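In what follows, chains carry the letters A, B, and so on, assigned in the order in which the sequence lines appear, proteins first and then strands, with residues in each chain numbered from 1. This is a predicted model, so every value here is computed, not measured.
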4 protein chains.
Amino acid sequence: MNEAFFNLQSDKRKRIINAAMQEFVANGYTSASTNTIVKDAGISKGSLFHYFSNKKDLYLFLIDHTNIVIQDVYEAIDLEEPDLFKRLSKIGFAKMKIQQQYPQTFDFLTSVLNEPAEDVRQFAGEKLAAMQESGFNQLYVNVDWSLFKDTINVEKATEILNWTMMGFSEKYRNKLATFKDVGPELLEEWEDYAAILKNSYYKDHSQRRNGDESH
Amino acid sequence: MNEAFFNLQSDKRKRIINAAMQEFVANGYTSASTNTIVKDAGISKGSLFHYFSNKKDLYLFLIDHTNIVIQDVYEAIDLEEPDLFKRLSKIGFAKMKIQQQYPQTFDFLTSVLNEPAEDVRQFAGEKLAAMQESGFNQLYVNVDWSLFKDTINVEKATEILNWTMMGFSEKYRNKLATFKDVGPELLEEWEDYAAILKNSYYKDHSQRRNGDESH
Amino acid sequence: MNEAFFNLQSDKRKRIINAAMQEFVANGYTSASTNTIVKDAGISKGSLFHYFSNKKDLYLFLIDHTNIVIQDVYEAIDLEEPDLFKRLSKIGFAKMKIQQQYPQTFDFLTSVLNEPAEDVRQFAGEKLAAMQESGFNQLYVNVDWSLFKDTINVEKATEILNWTMMGFSEKYRNKLATFKDVGPELLEEWEDYAAILKNSYYKDHSQRRNGDESH
Amino acid sequence: MNEAFFNLQSDKRKRIINAAMQEFVANGYTSASTNTIVKDAGISKGSLFHYFSNKKDLYLFLIDHTNIVIQDVYEAIDLEEPDLFKRLSKIGFAKMKIQQQYPQTFDFLTSVLNEPAEDVRQFAGEKLAAMQESGFNQLYVNVDWSLFKDTINVEKATEILNWTMMGFSEKYRNKLATFKDVGPELLEEWEDYAAILKNSYYKDHSQRRNGDESH
DNA sequence: CATGAATGAGCGTTCATTCAT
DNA sequence: GATGAATGAACGCTCATTCAT
């Protein structure tokens, strides 16, 4: 990417990013038309290829750009919270809020994950993997694993939890798009799923709760 | 699709289906090249368009064709087995076996699910939804829900189970490709995940087991 | 053309001729589709190319076929009628009647006249020229040229007459298509045009008419 | 049409127009090959479709372009000349001169008139009809109809005159193509035809001439 | 005699990218 | 720096014709 792109007026830069993401999401990498992008962004063909050396360069830039937005999610993780379920609730909802604010960014990420074009698949995969790993590393820092039953396989339990969260966000994806804000309804909905797993994962879950209540 | 395609020698028919699936998986609907397909299938351009009236027709045929393979999975469901976990184990492994035997078919299905091309998205979506629904309906027939704890939300618990199975197959997808056969290793692996959920879902899970032992 | 075509059942032969003419009229020689022709005629591709060695052969056959119909017009010329105007009226209306009965044949002739395809233009032109010449030769046999004013250039006057007849049929072409029969209305209409020219061409035209009136 | 085409160097623009007209005349709308056009015009395929959004757009542009040339004919009409025959002579010869200078333009117009392709027939027909009407309207402005015999049907007489002129130009079409200039030979030739009709149309034609001579 | 599967050149059109202005 | 005209390879698809059945 040419540094000229950085020196652009913020407005024009955003128009280009949005137009490009939209087109890539709508048609995939190969079928996305640079003509459509420049038309939607209101710039000339020459300008686009002045900022980015080619279509691939533009695509990979967008992945990096997306990265920044995603980082915000992980930075929002409260490392002080030792209860994994509580922490995940927070991070999950941070993610959902961002998904609401930058729906395009998440759509783009999804489309990148399923991009078949050999030209970009490998590179995109590596970028996304690096992103995810750095995120996951933070995710489990300082988690209090002693809350888990001794008999449970913590790794596998965590995997189930992850798959459940992904399934949950996928399921509520459309609802999210129409909500103005991620409200307590969704939180409660999630707590239902979380309770099912927590019950299985945590030591003396009901007893302790009862004990709390007895005081 | 022209019935001429049905009357083709099985070998040629398979070559065409394989070449087309491969190309669609590798490049997506729009970017897939009919030139590449005919070259790989060893037929002429004219022949392809003799069998299928156009690219879209070919694509939709492949979805239907895939359907048949998938139906085999659901037909393998043992409706006599009332324990959902046991039943799911069976179907899951039936699915995996097919995935091993027809890896291309499953890759194609996945790529169809993420196909952005407006031209086929809607139709493909409807076909796949119909497929899935008919499958899901059979999935839960005669399940003994009384095994579940009264306090558990059975619907949500089932969702978690589904998401976990999907996550599991995704995770072992690559491993599966190299395995010669879906062996007991994988079964044991899955039982670990299943145990975690079963513990949460089923009534008196440990007690009953103890009770069994006491006799 | 293969003689097999002659041995065909009259019905099938007609279907082929009609389907072919229709398609050639609608799209011109080059763009006419043999696929459309065989579909409309209800025969197989192979049959068409069994009867005619190729598209061009079929086209040229249709011109010859048309010729036969046209000959009927010229054969209807009453060589006993020495008055050119009267004779032309008769032949003109014979032509119109045929045009009504075989509208397709005339549409085809017109389209052949304007066919740009190098492949058939020359040959078609020659055929049509031969047709027309043999027709014109008969047209003027035994005409009583002494009716014309001595001062008039008979050749040029005849040309004007021809152009006028052609313009007239073109003008009433559409009307003809809807008429059930070429009625006396059209005849009267034509007589108006004829009168204008006759007045200029024939000797003592007005005087004689005056003379008639004086009696 | 893209305005880029207007900004082209006149030479290149002409090459494109000529190549396209030639190809359309030679093969008709549907069979005309854009490959041939670009090759003859010495431009790239991409350029042609940069100037014109598609083949149809190019074709319709050529009709409009032709229009301009034709307008010149009608603008050459001397509205001061009240004698229809004299006026027609002038316009006819203006037309012939243009036909000589832009033979391709007239060939193209003729081919458009007989174009069977549904895709362009209607639109082309409307354009040409509008052209012709505006031309015909001017043709008869200020004509001194009192020169005509009272007994003559002026409308029909005018039709005959038109058909004669059309026939005449058609007849001399080939000759015109070889002439360097429309010379007096042709004018005299036409006067012969005109005289035949004039004699029929105008009052006291010979007498008045005699009268003129007597003064 | 009749069929229709098979062919591959050719069609109109789109595309990312270059570069003179 | 910004523009958009120019390119030609590649696209999906059609075609008249052949020939094994």
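- Using a 4.0 Å heavy-atom distance criterion, C:Tyr51 is classed as a sugar-phosphate-only contact.
- In this entry the distance linking NZ of B:Lys39 with P of E:dG8 reads 14 Å, nearest Å.
- In terms of heavy atoms, A:Ala19 sits closest to A:Ile37 at CB-O, 3.7 Å.
- When rounded to the nearest whole Å, the span between CD1 of D:Ile16 and C1' of F:dT7 equals 14 Å.
- Put simply, the residue from B:Arg13, B:Lys14, B:Arg15 that forms a salt bridge (Lys or Arg N to Asp or Glu O under 4.0 Å) with B:Asp11 is B:Arg15.
- No contact: B:Leu48 has no heavy atom under 4.0 Å from any strand.
- Using a 4.0 Å heavy-atom criterion, one finds that B:Ser33 contacts the sugar-phosphate atoms exclusively.
- Ring geometry for C:Phe108 against C:Tyr59 counts as perpendicular: the plane angle is over 60°, on a 0 to 90° scale with 30° as the lower cut.
- Between E:dT7 and B:Ser47, a contact under 4.0 Å exists linking OP1 or OP2 to a side-chain N or O.
- Listed nucleotides F:dT7, E:dG4, F:dT14 differ in distance to D:Ile43; the shortest reach to its side chain belongs to F:dT7.
- When distances are taken from the side chain of C:Ser44 to each of F:dC13, E:dT7, E:dA2, the shortest belongs to E:dA2.
- Spacing between atom NE2 of C:His50 and atom P of F:dT17 amounts to 16 Å, rounded to whole angstrom units.
- For C:Thr34, a side-chain nitrogen or oxygen approaches OP1 or OP2 of F:dA16 to under 4.0 Å.
- Pairing partner, F:dA16: E:dT7, with both Watson-Crick or wobble hydrogen-bond distances short of 3.5 Å.
- Counting any heavy atom pair closer than 4.0 Å across all strands shown, B:Lys12 reaches sugar-phosphate atoms only and no base atom.
- Residue contacts for D:Lys55: at a heavy-atom cut-off of 4.0 Å it reaches the sugar-phosphate backbone alone, with no base atom in range.
- At the heavy-atom level, B:Asn7 lies nowhere under 4.0 Å from the strands shown.
- Two residues, B:Ala32 and C:Asn35, neighbour DNA chain F, and the one matched to the more 5' nucleotide by heavy-atom proximity is B:Ala32.
- Look at F:dA2: its Watson-Crick or wobble partner, with both distances under 3.5 angstrom, is E:dT21.
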